[in-house]
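Below is one structure; the comments refer to it alone.
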There are 2 protein chains.
Amino acid sequence: MTITDVARLAGVSAATVSKVVNGRYGVSARTVEHVRGVIEEVGYESSLVARSLRSHRTNVIGILVAEFEPFSTEIIKGTAAAISGTGYELLAYSGGGRAEEDAGWERRSLSRLGGTLIDGAILVTPTVVGAAGAVPVVAIDPHAGPSDLPTVDADNVRGAVLATEHLLGLGHRRIAFLGGRPGLESSRLREEGFRTAMAAAGAPVDPDLVRVGGYRPQTATGPAHELLAHPDRPSAVFAANDVSAIATMGVARELGLSVPGDLSVVGFDNVPESVLAEPPLTTVSQPMQAMGTSAVQLLVQLMNGSPETAPDGGTHVRLPTELVVRGSTRAL
Amino acid sequence: MTITDVARLAGVSAATVSKVVNGRYGVSARTVEHVRGVIEEVGYESSLVARSLRSHRTNVIGILVAEFEPFSTEIIKGTAAAISGTGYELLAYSGGGRAEEDAGWERRSLSRLGGTLIDGAILVTPTVVGAAGAVPVVAIDPHAGPSDLPTVDADNVRGAVLATEHLLGLGHRRIAFLGGRPGLESSRLREEGFRTAMAAAGAPVDPDLVRVGGYRPQTATGPAHELLAHPDRPSAVFAANDVSAIATMGVARELGLSVPGDLSVVGFDNVPESVLAEPPLTTVSQPMQAMGTSAVQLLVQLMNGSPETAPDGGTHVRLPTELVVRGSTRAL
DNA sequence: AACGTTTTCGACAACGGTTTCGAAACGCTA
DNA sequence: TAGCGTTTCGAAACCGTTGTCGAAAACGTT
């Protein structure tokens, strides 16, 4: 059912149908009513694709995630909640998990979708620094570090300080850090917070106890095992994300170590899974839904060409993190 | 940067560039190399929209959800996991929460996206029964009851029987049922299971204790309050989804009733939130990720015109449910 | 050198809409 | 009724890409 079909049925031209559909001025009330009737009757709906190709406006915002893992899913929920009422619709596009090997997939997806299918985009944990694309873009928690893009992120350093201070306050001194891959900004900042807090407390950081965990279960178990099998085993591990913290607890169990009896573990993110872990994970909460909300607000401003954000070019919103104490930590 | 720009830069026609991009036969190796170079240099990426408009093939599967609530989010994760390796990409489209008032939004979205932007669609909890659209469609857990669409759902009746038997086994006899809105198939089936189990145990169902909860916090608290303020209060409530079960526990707290001390509560779905509840909710687990996986398999078969599914027209996959006992239920 | 084959490439017409612009019909005044 | 402004509508161009098809060029053969 195309617009031409409707036009033929209504005895008018396609142009007129288009005007009726889009409420354009210049069609008589009689005609509008008649065409509306036909549209209703046959259940015509205009093709988003064809429409956008010509008009370059779709009222759709794209959210690009590498894959639908817990973190990005929470972000999506936040953006979805914030978007209703703005007149836009949300379209989530997944890179299909090939983000690791396929650097720059964001840029590619953006140019495939941008300018025609979506009016603006939210990039979740993008690995690109700049994206001079066809449409306004906001980045959430960019992996690649400070960029020229408008950005929403959480206070990683502060969160890491809180987590480390929590462990120190429980009497731990020999604390290991399990980070993400090198080059990930969030991991760098969390390590920075960790080192800051350790230094402030006068606790030494053993280089042997700082490892790359890679944020994923598969990549984290190896390093976690090395940490826990260390001759001078740490009494606590601060993992830079929940997934690797949970993996660490799994390794501990395998080695016959009790958490939190023999080992305290702190994570980062507070994904829904963290509370399901055994024991429930003490972690640093990122306001993921709020981050999504902020990103939408920022993006809508940008798309409207809001003047207040224009001068400095890139706007940066940083939201607070907080410590959530659960069952995986205990006084030494 | 359009294909025409690239063509001009490379000194060839747009048609030739298109052939290079799509690896079509009939371009000399020299030309291919040259055009590839130009494309690489300027970072050209073909527009998904324009391409699909013409070729009617996008290798994109759409998943349509009314909104990004916990249930649909889990389904999305399942589909996303299953889709990698099939050569398709996933695009999640949200109706923006206006599903309640906007009946048939699925059909509309389908005709807006189908045939041009997506090659097939997965509908999550659709309210339409038939959708004779342009593309193959699979429905997950349709709200509207048995349809002619290929469907993936969970065994609602069996799950409800399990939940009710659990309560009966704990000695409860006066059990309330808090359902969804009338007309929702899942709610109907869960009530059916509830009544079956009650009847089998010879326990009477008090019509006064069967209420419409509406599956949402806002709609569930009222009926929940009525149940708990009843002169002859039930000792247990079986809520037809987790959200209303959690709402019921909130009402109980307000009324000074302890769960599970004074009242046992069972939910349905096992959304991630159910374990966060205080106390953690005993519930019936739907294999949400598996449902997503099955839907993708079914859809891909359909899109390939797999002959084995063609004969009967509609294929129905039903996955098992199971009881997850946590802290919200106790022997009477 | 003449001729048939095969390759290589580009002009052109779609795809399903929107937008512009001019012509026709209409309404109003003088 | 002539003159003029205003509505109303449709023809045609366009958005960025792909598929078809014919012409030109290159190649191979005698």
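For clarity, every value in this text was computed on a predicted model and none was experimentally measured.
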Any N/O pairs under 3.5 Å between the protein and nucleotides 13-17 of chain D? List them or say none.
residue: dC14(D); atom: O2; partner: R54(A); partner atom: NH1; Å: 2.6
residue: dC15(D); atom: O2; partner: R54(A); partner atom: N; Å: 3.4
residue: dT17(D); atom: OP1; partner: Y44(B); partner atom: OH; Å: 2.8
residue: dT17(D); atom: OP1; partner: S47(B); partner atom: N; Å: 3.1
residue: dT17(D); atom: OP2; partner: I3(B); partner atom: N; Å: 2.3

Counting only side-chain nitrogens and oxygens, does [X] get under 4.0 Å of the OP1 or OP2 atom of [N]?
X	N	answer
T16(B)	dC9(C)	no
T31(A)	dC9(D)	yes
Y25(A)	dT8(D)	no
R24(B)	dT18(D)	no

Is any NZ, NE, NH1 or NH2 atom of the basic residue among K77(B) and E74(B) found under 4.0 Å from an Asp or Glu carboxylate oxygen of the other? yes

Salt bridge present between R216(A) and E67(A) (N-O < 4.0 angstrom): yes

Is it the case that T125(A) and D141(A) place a side-chain donor and acceptor less than 3.5 Å from each other? no

Is there a side chain to side chain contact (heavy atoms under 4.5 Å, CB included) between L299(A) and Y88(A) once you walk through the steps? CA-CA 11 Å; L299(A) 183 59; Y88(A) 289 96; over 6 Å; no

Quick one: which of I83(B), T79(B), I118(B) gives a side-chain contact (heavy atoms from CB on, under 4.5 Å) with I63(B)? T79(B)

Does the base of dG10(C) carry an N or O that pairs as donor and acceptor with the side chain of K19(B) under 3.5 Å? yes

When all nucleic acid strands are considered with a 4.0 Å heavy-atom cut-off, which category describes V17(B): base, sugar-phosphate, or nothing? nothing

Might you confirm whether atom CD of Q218(B) has over 12 heavy atoms from other residues, nucleotides or ligands at distances under 6.0 Å? yes

Would you kindly give the [atom1]-to-[atom2] distance between [X] and [N], to the nearest whole Å?
X	N	atom1	atom2	value
L117(A)	dC15(C)	CG	P	21 Å
L113(B)	dG17(C)	CG	P	13 Å
R8(B)	dG10(C)	CZ	P	14 Å

